[in-house]
Amino acid sequence: MIPMVDLKRQYQSLKTEIDEAVADVLAQTQFILGPNVSALEKDVAAYHGLPHAIGVANGTDALLLALRACGVGPGDEVITTPFTFIATAEVVALVGARPVFVDIHPGNFNIDPAKIEAAVTPKTRAIIPVHLFGHPADVNPILDIARRHSLRVIEDCAQAFGATYSGKPVGAFGDAGCFSFFPSKNLGCYGDGGMIVTAADDIAEKVRMLRNHGSRERYYHADVGYNSRLDEIQAAILRVKLKRIDAMNEARRQNAQRYRQAIRRDDVIAPSEIPGCRHVYHQYTLRMRNRQKAADALTQAGIASAVYYPVPLHRQEAFLKLYPASPALAISETCAQEVLSLPMFPELTPDEIGRIADVINHAG
Ligand SMILES: *Cc1c(COP(=O)(O)O)cnc(C)c1O
């Protein structure tokens with residue numbers, strides 16, 4: 001059996017260090033907002049060349065708190081992509097604003113900057129580009145549009161820790177960058193976790209307050225906030241993995257290269273890397289007309305595959321209920337029908353990639 005992601009292999013290779021890190025937390029018994037969270041925040045901020053990183057409970061909360069800290073609320077509109085995990089737009093609805101979906105570019109599955117400006121209205125307050133599957137969204141034109149219309153940019157980096165655009169890591173471009181450390185993400189912990197990075201002192205201050213019940217000083221609450229903190233055990237595990245994130249991303253890139261050479265079918269579109277971008281292949285996602293045949297053949301051979309995502313967000317029941325007159329977004333809808341993601345993780349072997357490619361090549 002080849003799974004989509006094999007977390008056991010990674011744990012085995014890091015076991016001694018991770019077990020020690022967790023044992024230290026248990027011995028110190030400081031479980032919430034202690035030295036591991038502070039140290040991780042410092043290291044993640046430095047990784048991005050930014051002054052601030054704030055640990056939160058998960059990636060969804062990272063987006064939610066970033067929106068709140070940027071002042072997005074009832075009556076506002078937020079432009080984002082429909083081809084993403086629901087959390088990206090869910091948080092917009094949760095703060096009382098409306099997600100406005102703009103179609104994607106077929107080359108990299110990310111929001112198409114050329115289509116954003118037509119969606120800007122006097123109510124637009126922010127843009128949330130997603131660096132989907134580990135490939136950076138086209139950040140420069142997005143920042144240009146945001147500057148011209150005084151919009152905030154909140155990057156959804158949940159699938160792209162360490163991906164770069166013009167040599168700079170994603171998350172360092174907008175007003176805030178939001179990360180998820182869900183176990184299967186390319187930087188994952190052993191439970192839920194998330195982080196916000198920002199250059200802005202006021203956003204950092206606000207997020208720190210919001211994650212802890214809107215309080216700066218204990219039992220004095222300036223705002224209605226959340227209980228949304230990264231815990232010490234998760235932070236300790238992440239500190240072990242953060243040291244290796246570049247090597248792990250590099251291993252994913254090598255695996256992608258092997259897939260690219262081994263899959264030989266004219267009717268399959270392999271993921272590409274736009275010049276100036278460094279893709280970290282959180283997912284290796286093909287496009288093919290008859291994906292079901294390939295998926296069935298993989299299942300037969302004991303190989304996992306997955307469809308990320310089968311329904312674009314403007315077609316999800318949750319949003320159709322709120323906004324029934326949702327316009328068609330052709331490229332997202334076609335991609336939703338044609339994408340197929342293959343197993344991808346740093347420890348995947350060349351032999352396994354060969355076997356997976358063989359099945360795809362012969363699946364008709
Ligand atoms: C995983 C993910 C999230 C949410 O992260 P959680 O930690 O699961 O809350 C948000 N956006 C995208 C694109 C994701 O893949």
Side-chain angles (χ1 to χ4, degrees), residues 4-5 7 40 44 53-68 78-95 99 101-102 104 108-111 126-137 139 142 153-163 170-171 174 176-197 207 210-211 226-231 233-235 237-238 241 252 271 279-285 306-314 316 318-319 332 335-336 339 341 344-345:
M4 287 301 287
V5 46
L7 297 175
L40 180 70
V44 169
I54 305 103
V56 293
N58 54 65
T60 307
D61 280 5
L63 292 162
L64 180 66
L65 272 59
L67 281 170
R68 285 270 321 259
V78 176
I79 291 173
T80 191
T81 165
F83 198 63
T84 176
F85 181 57
I86 183 108
T88 310
E90 208 174 23
V91 292
V92 175
L94 283 173
V95 299
F101 298 110
V102 166
I104 57 171
N108 58 27
F109 303 116
N110 287 322
I111 193 165
I127 307 172
I128 308 182
V130 180
H131 308 295
L132 198 73
F133 303 149
H135 192 293
V139 180
I142 295 173
V153 174
I154 296 169
E155 297 174 69
D156 183 340
C157 312
Q159 303 189 2
F161 197 106
V170 298
C178 301
F179 293 87
S180 164
F181 303 129
F182 185 81
S184 64
K185 306 286 183 181
N186 73 314
L187 178 60
C189 57
Y190 291 171
D192 278 307
M195 196 162 283
I196 294 159
V197 298
V207 168
L210 287 173
R211 77 168 168 184
Y226 307 84
N227 173 354
S228 184
R229 293 158 314 214
L230 180 65
D231 73 69
I233 291 180
Q234 301 310 334
I237 292 163
L238 285 163
K241 289 206 192 181
R252 287 172 181 273
H279 196 331
V280 293
Y281 295 96
H282 173 60
Q283 298 295 343
Y284 191 81
T285 303
V307 173
Y308 307 122
Y309 296 91
V311 182
L313 300 190
H314 64 293
Q316 290 283 356
F319 291 122
S332 303
C335 287
V339 287
S341 296
M344 175 52 95
F345 46 95

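Remember, it's 1-based here, ligands and their atoms both numbered in the order they're listed.
- Between F83 and L132, the closest heavy-atom pair is O-CD2, 3.3 Å.
- Between H131 and the options E155, H282, Q159, a side chain to side chain donor-acceptor pair (under 3.5 Å) holds for only E155.
- Atom OH of Y190 and atom CD1 of I233 lie 13.0 Å apart (nearest 0.5 Å).
- Protein heavy atom at the shortest distance from atom 14 (C) of ligand 1 is K185 NZ, 3.0 Å.
- Rounding to the nearest 0.5 angstrom, the gap separating the CG atom in D61 from the SG atom in C178 is 10.5 Å.
- In this structure, CG in L187 is found 12.0 Å from SG in C157, a value given to the nearest 0.5 Å.
- For the ligand labelled ligand 1, residue T88 lies inside the 4.0 Å heavy-atom shell.
- By heavy-atom distance, the residue among S184, P183, S180, G188 lying nearest atom 5 (O) of ligand 1 is S180.
- Considering only non-hydrogen protein atoms, atom 11 (N) of ligand 1 sits nearest to D156 OD2, 2.8 Å.
- Residue contacts with ligand 1, taken as heavy atom pairs separated by less than 4.0 Å, involve T60 via backbone and side-chain atoms alike.
- With a 4.0 Å heavy-atom cut-off, ligand 1 is reached by the backbone of N58 and by its side chain too.
- In this structure, the side chain of S228 does not engage the main chain of V56 through any donor-acceptor pair within 3.5 Å.
- Checked against a 3.5 angstrom limit, the closest N/O atoms of G59 and ligand 1 fall inside it.
- Each of I128, I111, I79 was scored for a side-chain contact (heavy atoms from CB on, under 4.5 Å) with I142, with one residue passing: I111.
- Close approach of ligand 1 to A158 (heavy-atom distance below 4.0 Å) involves ligand atoms 2 (C), 3 (C), 10 (C), 11 (N), 12 (C), 14 (C), 15 (O).
- Proximity to T84 (heavy-atom distance under 4.0 Å) selects the following atoms of ligand 1: 13 (C).
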